[in-house]
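The next block holds one structure in the form of structure tokens; read it before the comments.
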Number of protein chains: 2
Amino acid sequence: METTATREALLDAAEELFAEQGIEGTSLRAVTSKAGANVAAVHYYFGSKEGLIREVFARRLAPLADQRLARLAACGEPGEQALECILRAFVEPFVELGWRMDLGTSATHRSGRLIAQVLLEPGDFLRNALADAFRETFVRFADAFERALPHLDHSEVIARLNFAIGTMIHGVAGIRLYQEEHEALPRSKELVDRLVTFLVAALEAPATLPRTASAPDEEPA
Amino acid sequence: METTATREALLDAAEELFAEQGIEGTSLRAVTSKAGANVAAVHYYFGSKEGLIREVFARRLAPLADQRLARLAACGEPGEQALECILRAFVEPFVELGWRMDLGTSATHRSGRLIAQVLLEPGDFLRNALADAFRETFVRFADAFERALPHLDHSEVIARLNFAIGTMIHGVAGIRLYQEEHEALPRSKELVDRLVTFLVAALEAPATLPRTASAPDEEPA
DNA sequence: GTCTATATAGCGATAGAC
DNA sequence: GTCTATCGCTATATAGAC
């Protein structure tokens with residue numbers, strides 16, 4: 001269809017500009033001018049800027065969810081899945097998506113920062129949409145992690161899963177508050193391997209004992 | 001001084017609104033109206049919105065750096081510091097700062113998201129200012145971590161330190177993409193303990209071995 | 001389905017009264 | 001030191017020509 005060409009061009013342009021300049025910081029004019037169209041086209045296809053934003057993410061998140069769940073299923077029967085396999089099923093598709101969304105972005109403003117941005121932006125609508133899109137995935141992975149980490153209670157598994165998500169997002173976003181001068185940003189595969197090593201150990205850590213409450217004398221070895 | 005009253009009120013209002021609505025999403029009018037002043041006052045005291053933003057952070061970051069370095073020094077002589085002590089020196093002051101900056105913020109938009117936001121926002125000026133403010137701290141801590149983790153090479157220590165920063169920021173920001181219905185957000189002390197358990201294990205993990213080949217750029221045949 | 005032209009509103013910044 | 005009023009600009013959104 002020819003009508004789809006403009007639509008896709010708008011989505012591509014928006015995705016790229018959002019990653020470079022932020023979502024709030026990107027005007028419809030910038031999007032349409034990059035896409036070779038004009039402001040009215042956005043409202044014709046998406047109704048509003050909010051509709052455009054929603055579509056930019058929806059286009060990526062459904063395939064991401066599918067891929068993660070397929071990879072998880074390939075780890076074996078529930079209850080017998082290896083922790084590293086579960087973790088890779090969770091991390092790898094996300095990192096690859098981050099890299100793909102990054103194609104036109106400058107080297108210093110890397111990749112998946114788009115998703116990280118959304119998590120922090122003020123408006124509720126997108127964060128809620130994101131949470132909805134991820135809910136099924138997270139429920140399934142939380143269950144898999146819980147079975148693979150029998151030494152942890154439910155609440156600590158959830159807390160660690162949320163930590164792991166933060167580590168992953170921050171890693172994919174390529175944020176370096178502390179960066180060596182000549183250090184190159186890691187390639188996708190190297191990043192995944194380092195993330196997995198880091199997170200497997202973190203998830204397997206012994207349970208956190210309450211330091212305040214009943215056992216004040218105990219220091220963890 | 002009486003002049004300081006308005007100035008401080010502007011900084012307080014700005015800090016609170018930035019955390020709630022984002023920096024880009026907060027207008028000077030919103031800040032001044034909350035502070036009981038008006039737009040001109042911002043330009044009188046800070047010259048511009050950018051100057052205001054800079055001051056909001058500068059007011060918090062210098063004490064944070066001091067506190068962290070003091071805590072690190074209290075861990076003992078360089079080369080003999082325990083990993084957990086170094087990590088707590090790094091994490092605890094940051095978490096407490098996040099909690100303090102959160103006072104007026106609604107429960108669903110927690111704490112340190114302000115710093116997390118800055119890391120992702122488009123403009124370079126603030127990220128550079130933040131990197132500058134943290135540089136000394138990070139150099140000192142990177143050195144301490146490297147001595148405490150002799151099984152890792154320099155580049156992996158740096159990579160893991162950046163991961164740890166991401167974990168910490170995400171945790172303090174209170175982001176929960178996956179949240180149980182009745183789950184309460186953890187208290188500061190509980191968060192710190194869980195973060196430390198998680199990160200000690202992660203940092204101590206064995207070195208990541210290249211999985212593809214001897215050189216990271218090579219594609220497997 | 002795509003354009004131009006415009007309506008409406010909000011922004012940061014500044015001048016000048018007090 | 002603090003105010004009101006306003007300038008100049010840009011944003012999203014829409015109406016209507018083609």
Side-chain angles (χ1 to χ4, degrees), chain A residues 1-59 114 117-118 121-127 129, chain B residues 1-59 114 117-118 121-127 129:
Chain A
M1 300 171 237
E2 217 178 6
T3 97
T4 310
T6 300
R7 205 187 115 101
E8 292 295 306
L10 289 170
L11 289 173
D12 290 341
E15 183 173 272
E16 199 169 316
L17 289 172
F18 287 169
E20 281 172 3
Q21 316 176 343
I23 297 175
E24 288 261 312
T26 300
S27 69
L28 293 186
R29 281 170 167 76
V31 172
T32 53
S33 117
K34 187 182 188 96
N38 69 73
V39 242
V42 170
H43 291 88
Y44 178 78
Y45 284 110
F46 308 104
S48 65
K49 183 180 183 180
E50 185 170 310
L52 170 65
I53 299 169
R54 210 187 297 272
E55 251 324 278
V56 165
F57 284 92
R59 189 170 65 143
L114 208 43
Q117 273 181 45
V118 170
E121 287 220 346
D124 283 327
F125 93 94
L126 238 186
R127 190 166 43 247
Chain B
M1 300 172 229
E2 216 177 5
T3 99
T4 311
T6 299
R7 204 189 115 100
E8 291 296 306
L10 288 171
L11 289 173
D12 290 341
E15 183 174 272
E16 199 169 318
L17 289 173
F18 288 168
E20 281 172 3
Q21 315 176 347
I23 297 174
E24 287 261 311
T26 300
S27 68
L28 293 185
R29 283 168 170 79
V31 171
T32 53
S33 120
K34 185 181 189 99
N38 69 73
V39 241
V42 169
H43 291 89
Y44 177 77
Y45 284 109
F46 308 103
S48 66
K49 184 180 183 180
E50 186 170 308
L52 170 65
I53 300 169
R54 209 187 297 272
E55 246 329 273
V56 165
F57 284 91
R59 190 170 62 143
L114 208 44
Q117 273 181 45
V118 171
E121 288 220 346
D124 283 327
F125 94 93
L126 239 185
R127 190 166 42 248

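Atoms considered below: every heavy atom in the structure, side chains included; atoms not considered: hydrogens, waters and symmetry mates. Every chain is numbered from 1, with letters handed out A, B, ... down the list of sequences.
- In this structure, B:Ser27 reaches the C:dC11 phosphate: one of its side-chain N or O atoms is under 4.0 Å from OP1 or OP2.
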Practice problem: Decide yes or no on salt bridge (Lys or Arg N to Asp or Glu O under 4.0 Å) for B:Glu55 and B:Arg59, but give the supporting numbers first. | Solution: CA-CA 6 Å; B:Glu55 246 329 273; B:Arg59 190 170 62 143; over 6 Å; no
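- Distance CZ (A:Phe46) to P (C:dT2): 11 Å, rounded to an integer number of Å.
- A close approach under 4.0 Å does occur between a side-chain nitrogen or oxygen of A:Thr6 and OP1 or OP2 of C:dT2.
- A donor and an acceptor atom sit less than 3.5 Å apart, one in the side chain of B:Arg29 and one in the base of C:dG12.
- Considering only side-chain atoms of B:Lys49, the nucleotide from D:dT2, D:dC3, C:dA13 that sits closest is C:dA13.
- Between B:Phe18 atom CZ and B:Leu11 atom CG the span is 9.5 Å, to the nearest 0.5 Å.
- For B:Asn38, whose side chain is taken as the heavy atoms from C-beta onward, the closest listed nucleotide among D:dT2, C:dT2, C:dT4 is D:dT2.
- Atom-to-atom, CG of A:Leu28 to P of C:dT6 comes out at 20 Å; the value is rounded to the nearest Å.
- Look at CG on B:Leu17: it is 12 Å from P on C:dC11, rounded to the nearest Å.
- A sub-4.0 Å separation between OP1 or OP2 of D:dT2 and a side-chain N or O of B:Tyr45 is present.
- Rounded to an integer number of Å, the gap from CD of B:Glu50 to P of C:dC11 is 19 Å.
- Rounded to whole Å, atom C1' of C:dG12 lies 16 Å from atom CD of A:Glu24.
- For the atom pair CD of B:Glu20 and OG1 of B:Thr26, the computed distance is 8.5 Å after rounding to the nearest 0.5 Å.
- Annotation: side chain of A:Phe46 is in contact with side chain of A:Leu10 (closest heavy-atom distance under 4.5 Å).
- Minimum atom distance to the side chain of A:His43 is reached by D:dA13, of the listed C:dA13, D:dA13, D:dG1.
- Looking at heavy-atom distances under 4.0 Å, A:Thr32 makes no contact with the nucleic acid at all.
- Rounding to the nearest 0.5 Å gives a distance of 10.0 Å between CZ of B:Phe57 and CG of B:Leu52.
- If you check every strand for non-hydrogen atoms under 4.0 Å, B:Ala41 touches nothing.
- Projected onto DNA chain D by closest heavy-atom contact, A:Gly47 and B:Tyr44 fall at different nucleotides, the more 5' of which corresponds to B:Tyr44.
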